[in-house]
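Residue numbers begin at 1 in each chain, while the letters A, B, ... track the order of the sequences. We use all heavy atoms of the structure for the numbers below, so side chains are in, but hydrogens, waters and symmetry mates are not. Remember, predicted model here, so these are calculated numbers, not experimental data.
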Amino acid sequence: MSQEQPKKELSAIKGTRDILPEEARIWQIAEAQAKEIFTLYGYRELRAPIIEPTELFEKGTGASSDIVTKEMYTFTDKGGRSITLRPEYTPSVVRAIIEHRLDLQPLPLRFYYIGPMFRYDKPQKGRYRQFHQIDIEVFGEKDPAVDAEIVEMAHRLLKKLGVENVLTLVNSVGCKKCRPAYGEALRKAAQAVKEKLCPDCQRKADINPLRIFDCKVETCREAASTFPKITDYLCPDCRQHFQKFLEYLDFYGINYQVEPTLVRGLDYYTKTAFEIVTENLGAQNAVCGGGRYDDMVREFGGPDLCGIGFAMGVERLLSVARIEKPRDSFVYFAYMGEEGKKQSLATARLWRSKGIECLVEFKDRGLKAHFSRANKIGADWVLIIGQDELSKGKFQLKNMLDSKQYEGTSEELAELILKQGQKT
RNA sequence: GUGAGUGUAGCUCAAGGGUUAGAGCACCGGACUGUGGAUCCGGUGGUUGGGGGUUCGAAUCCCCUCACUCACCCCA
């Protein structure tokens, strides 16, 4: 370490942040609960690399999408390859399926994954440049029952994490057969009333008329209410799929709202699209977004394998979750003298192998200072090893919560701690 | 990428052109050498985000820049 203070402080780069131990505990719990629930539904973890060839996302996410055109972290590696930090997870899974011929395994395939994604966005509430997603995918299952099942599974997880007041929005975005006709009709309707729209929406009328639906300007809202709805343009196949999807949602008793203006951001979606939104998230109110992508694998040059999945933003999830932090219970060793220190080290080593969390600090202090320290760092137990204890061969163990003190051998006291630990 | 707001101690905030930038909490130590939490006393900690300008004098006013926050866009 240099003696001079660095002139410029180093800090985490824009849109990224450190998750400090206290918060990391919450993450661990949320992740463990997600894994547990997904496993109950037959999902298995599939870990793909964080970096991928840039063209994977150009092909999979869509070369014209905002994500690919302006939000990717792309660089050239030393071999001259164009590499991108993944902005989403689905293309990686599709690549892995094709690469390892996972489609030859018994279908359907159910995968989950939790990890960081990267988008060069402007950070704001619930939106970061490095953010984390809980992601699940099902491949090779056409039945709309699975569409409803993943929504039900998402609800189960949200409930488990104490997320309240969620609203589930559902829609069908059609397929390659019926979507073009709708797009045409919508564009036509938007052009017809273009003069009445705000400048922003006039621009949208040309680029992406669907976005006019969520403008806040009153005149735009009025105009938008006269626009055609995608649900009126669905082909028989898509219509049937959507109806069955809703039927299964009803079967599960899931409260949902059909939102004909709901479109997923990415180009590859077909049929089912859904979003789970909640209050208290500001403008980024979606905690979960998902949908079906029946053409994606084939368009990648893979087999004709349909897919569906959802992603949850972990940061958003945790900002509305209510997770209780479990109290960690550990033993603090209050020793005196070199002999007491060595006895502490030996005892801690033994106790740890029994599964007891032990903390020996390498500082000889007075007993009062030891207790003060133990209290400050939140020890549940203090084991006293001083001259008296060493000569007797029996130690004093104090419970810091109820102030009761016990005397016994190492084995007796270890048993006592383990027994009490099970009670709580 | 566009717009607005905010940057003072580890945290929450005072000082609003005029001595040496303060307080609470936190941290360290003492009162207290075999038993913690309480109380009291003391201490460490700051180029006021950074740079430039105005002024006799700037945390305070102006410009630039960076970061954070919120919104637009887009999205988890």
Side-chain angles (χ1 to χ4, degrees), chain A residues 5 7-17 20 61 65-71 87-90 114-136 154 198-201 203-204 207-208 210-211 214-217 262-266 274-278 281-291 309-320 332 334-337 340 364-390 395-405:
Chain A
Q5 293 287 327
K7 270 257 162 70
K8 195 177 178 187
E9 270 183 56
L10 286 174
S11 57
I13 63 178
K14 187 176 180 140
T16 72
R17 62 196 193 95
L20 302 178
T61 307
S65 66
D66 276 25
I67 289 179
V68 172
T69 54
K70 48 191 187 192
E71 294 177 2
E88 59 150 346
Y89 189 63
T90 306
I114 303 175
M117 309 290 157
F118 304 84
R119 289 181 201 173
Y120 194 86
D121 255 334
K122 185 139 181 172
Q124 66 187 72
K125 189 180 182 70
R127 198 174 71 186
Y128 306 95
R129 290 185 173 177
Q130 177 180 336
F131 62 104
H132 299 75
Q133 284 189 339
I134 294 176
D135 197 282
I136 70 104
C198 71
D200 210 24
C201 284
R203 191 173 49 81
K204 291 181 195 170
I207 305 163
N208 190 356
L210 270 169
R211 288 285 164 204
D214 39 43
C215 183
K216 278 145 194 133
V217 178
L262 173 72
V263 285
R264 309 259 59 249
L266 308 170
F274 71 94
E275 210 165 84
I276 302 176
V277 300
T278 174
L281 268 177
Q284 271 65 43
N285 64 348
V287 74
C288 175
F310 68 70
M312 290 191 182
V314 180
E315 285 84 357
R316 291 182 189 180
L317 190 58
L318 292 182
S319 76
V320 292
Y332 176 92
Y335 63 83
M336 274 142 287
D364 207 341
R365 323 177 208 240
L367 199 58
K368 188 179 263 302
H370 268 310
F371 268 92
S372 175
R373 175 74 183 164
N375 186 63
K376 185 164 291 175
I377 60 182
D380 275 8
W381 302 93
V382 173
L383 184 71
I384 304 171
I385 304 183
Q387 282 311 310
D388 297 352
E389 288 77 13
L390 287 168
F395 308 129
Q396 297 285 327
L397 178 72
K398 182 166 184 177
N399 183 318
M400 297 294 278
L401 301 177
D402 61 13
S403 295
K404 283 185 187 155
Q405 194 158 315

Using the [atom1] atoms only, state how far [M] lies from [N], rounded to an integer number of Å.
{"N": "B/G1", "M": "B/G17", "atom1": "C1'", "result": "39 Å"}
{"N": "B/A21", "M": "B/C62", "atom1": "C1'", "result": "22 Å"}
{"N": "B/A38", "M": "B/G29", "atom1": "P", "result": "16 Å"}
{"N": "B/A26", "M": "B/G10", "atom1": "C1'", "result": "7 Å"}
{"N": "B/U12", "M": "B/U6", "atom1": "C1'", "result": "15 Å"}
{"N": "B/A14", "M": "B/G46", "atom1": "C1'", "result": "15 Å"}
{"N": "B/G45", "M": "B/C27", "atom1": "C1'", "result": "9 Å"}
{"N": "B/U8", "M": "B/U2", "atom1": "P", "result": "25 Å"}

My understanding is that only residues two or more places apart in sequence, or in another chain, count here; which of them pass side chain to side chain donor-acceptor pair (under 3.5 Å) with [X]?
{"X": "A/Thr278", "result": "none"}
{"X": "A/Gln396", "result": "A/Gln405, A/Glu407"}
{"X": "A/Asn285", "result": "none"}

Pairwise N/O distances under 3.5 Å, protein to nucleotides 1-10 of chain B:
{"residue": "B/U2", "atom": "O4", "partner": "A/Lys122", "partner atom": "NZ", "Å": "3.3"}

* To do: Establish whether the base of B/G37 is bridged to the side chain of A/Ser403 by a donor-acceptor pair shorter than 3.5 Å.
  =>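 Looking at the base of B/G37, it does pair with a donor or acceptor on the side chain of A/Ser403 (distance under 3.5 Å).
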Figure out the [atom1]/[atom2] separation between [X] and [N], and round it to whole Å.
{"X": "A/Asn285", "N": "B/C75", "atom1": "CG", "atom2": "P", "value": "13 Å"}
{"X": "A/Asn399", "N": "B/G37", "atom1": "CG", "atom2": "P", "value": "17 Å"}
{"X": "A/Met312", "N": "B/A76", "atom1": "CE", "atom2": "P", "value": "13 Å"}
{"X": "A/Arg365", "N": "B/G29", "atom1": "CZ", "atom2": "C1'", "value": "13 Å"}
{"X": "A/Met117", "N": "B/A76", "atom1": "CE", "atom2": "C1'", "value": "10 Å"}
{"X": "A/Arg129", "N": "B/A76", "atom1": "CZ", "atom2": "P", "value": "18 Å"}
{"X": "A/Arg119", "N": "B/C74", "atom1": "CZ", "atom2": "C1'", "value": "9 Å"}
{"X": "A/Tyr332", "N": "B/G37", "atom1": "OH", "atom2": "C1'", "value": "15 Å"}

* Keeping to residues at least two apart or across chains, list the salt bridge (charged side-chain N to carboxylate O under 4.0 Å, His left out) pairs with something in residues 122-135 of chain A. =>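 Found A/Asp121-A/Arg127.
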* Plane angle bin for A/Phe274 and A/Phe310 - parallel if under 30°, tilted between 30 and 60°, otherwise perpendicular ->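 Because their plane-to-plane angle is over 60°, the rings of A/Phe310 and A/Phe274 count as perpendicular.
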Looking for any heavy atom pair under 4.0 Å, which part of the strands does [X] touch: base, sugar-phosphate only, or nothing?
{"X": "A/Gly126", "value": "base"}
{"X": "A/Gly290", "value": "nothing"}
{"X": "A/Tyr128", "value": "base"}
{"X": "A/Val314", "value": "nothing"}

* To do: Search all heavy atoms of A/Phe371 against all heavy atoms of A/Lys398 and return the closest pair with its distance.
  =>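 Closest approach of A/Phe371 to A/Lys398, heavy atoms only: CE2-CD, 3.6 Å.
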* Minimum heavy-atom separation for A/Gln130 to A/Pro116, with atom names? ->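 Residues A/Gln130 and A/Pro116, closest heavy atoms: NE2-CB, 3.5 Å.
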I'd like to check [X] versus [Y] (side-chain heavy atoms, cut-off strictly below 4.5 Å). Are they in contact?
{"X": "A/Glu315", "Y": "A/Gln284", "answer": "no"}
{"X": "A/Glu275", "Y": "A/Leu262", "answer": "yes"}
{"X": "A/Asn399", "Y": "A/Trp381", "answer": "yes"}

Check nucleotides 33-35 of chain B against the protein and report each pair of N or O atoms closer than 3.5 Å, with its distance, or say if there are none.
{"residue": "B/G34", "atom": "O6", "partner": "A/Gln387", "partner atom": "N", "Å": "3.2"}
{"residue": "B/G34", "atom": "O6", "partner": "A/Asp388", "partner atom": "N", "Å": "3.0"}
{"residue": "B/G34", "atom": "O6", "partner": "A/Asp388", "partner atom": "OD1", "Å": "3.4"}
{"residue": "B/G34", "atom": "O6", "partner": "A/Asp388", "partner atom": "OD2", "Å": "3.4"}
{"residue": "B/G34", "atom": "N1", "partner": "A/Glu389", "partner atom": "OE1", "Å": "3.0"}
{"residue": "B/G34", "atom": "N1", "partner": "A/Glu389", "partner atom": "OE2", "Å": "3.2"}
{"residue": "B/G34", "atom": "N2", "partner": "A/Glu389", "partner atom": "OE2", "Å": "2.5"}
{"residue": "B/U35", "atom": "O2", "partner": "A/Lys398", "partner atom": "NZ", "Å": "3.3"}
{"residue": "B/U35", "atom": "N3", "partner": "A/Gln405", "partner atom": "OE1", "Å": "2.9"}
{"residue": "B/U35", "atom": "N3", "partner": "A/Gln405", "partner atom": "NE2", "Å": "3.2"}
{"residue": "B/U35", "atom": "O4", "partner": "A/Gln405", "partner atom": "NE2", "Å": "2.6"}

* To do: Quick one: pull up OG1 in A/Thr61 and CG in A/Asp66 and give me the separation to the nearest 0.5 Å.
  =>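 With rounding to 0.5 Å, OG1 (A/Thr61) is 12.0 Å from CG (A/Asp66).
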* Using ring-ring contact (aromatic ring centres under 6.0 Å, His included) as the criterion, list what pairs up with A/Phe395, not counting sequence neighbours. =>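 Per chain and number, A/Phe395 pairs via ring-ring contact (aromatic ring centres under 6.0 Å, His included) with no residue.
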* By ring-ring contact (aromatic ring centres under 6.0 Å, His included) - contacts of A/Tyr89 (at least two apart) ->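 If we apply the ring-ring contact (aromatic ring centres under 6.0 Å, His included) test to A/Tyr89, skipping adjacent residues, the hits are A/Tyr113.
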* To do: Could you list the residues that satisfy side chain to side chain contact (heavy atoms under 4.5 Å, CB included) with A/Met336, not counting sequence neighbours?
  =>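 If we apply the side chain to side chain contact (heavy atoms under 4.5 Å, CB included) test to A/Met336, skipping adjacent residues, the hits are A/Asp364, A/Leu367, A/Ile384.
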* Could I get the full list of side chain to side chain contact (heavy atoms under 4.5 Å, CB included) partners for A/Ser372, not counting sequence neighbours? =>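 Not a single residue meets the side chain to side chain contact (heavy atoms under 4.5 Å, CB included) criterion with A/Ser372.
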* Asked: Using Watson-Crick and G-U wobble pairs whose two distances are both under 3.5 Å, how do you write the pairing of RNA chain B as dot-bracket, with | for links to another strand?
  -> (((((((..((((....[...)))).(((((.......))))).....(((((..]....))))))))))))....
* **Residues from residues 373-382 of chain A lying under 4.0 Å of RNA chain B - heavy atoms** =>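 Within residues 373-382 of chain A, the residues near RNA chain B are A/Arg373, A/Asn375, A/Lys376.
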* Of A/Ile13 and A/Ala311, the one whose closest RNA chain B nucleotide lies more 5' ->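 The residue whose closest nucleotide sits nearer the 5' end is A/Ile13.
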* To do: Can you figure out which of B/C72, B/A76, B/C68 approaches the side chain of A/Ala283 most closely?
  =>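 Nearest to the side chain of A/Ala283 among the choices is B/C72.
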* Asked: Is a side-chain donor or acceptor of A/Arg17 paired with a backbone partner of A/Ala12 at a separation under 3.5 angstrom?
  ->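 Checking the backbone N and O of A/Ala12 against the side chain of A/Arg17, no donor-acceptor pair under 3.5 Å is found.
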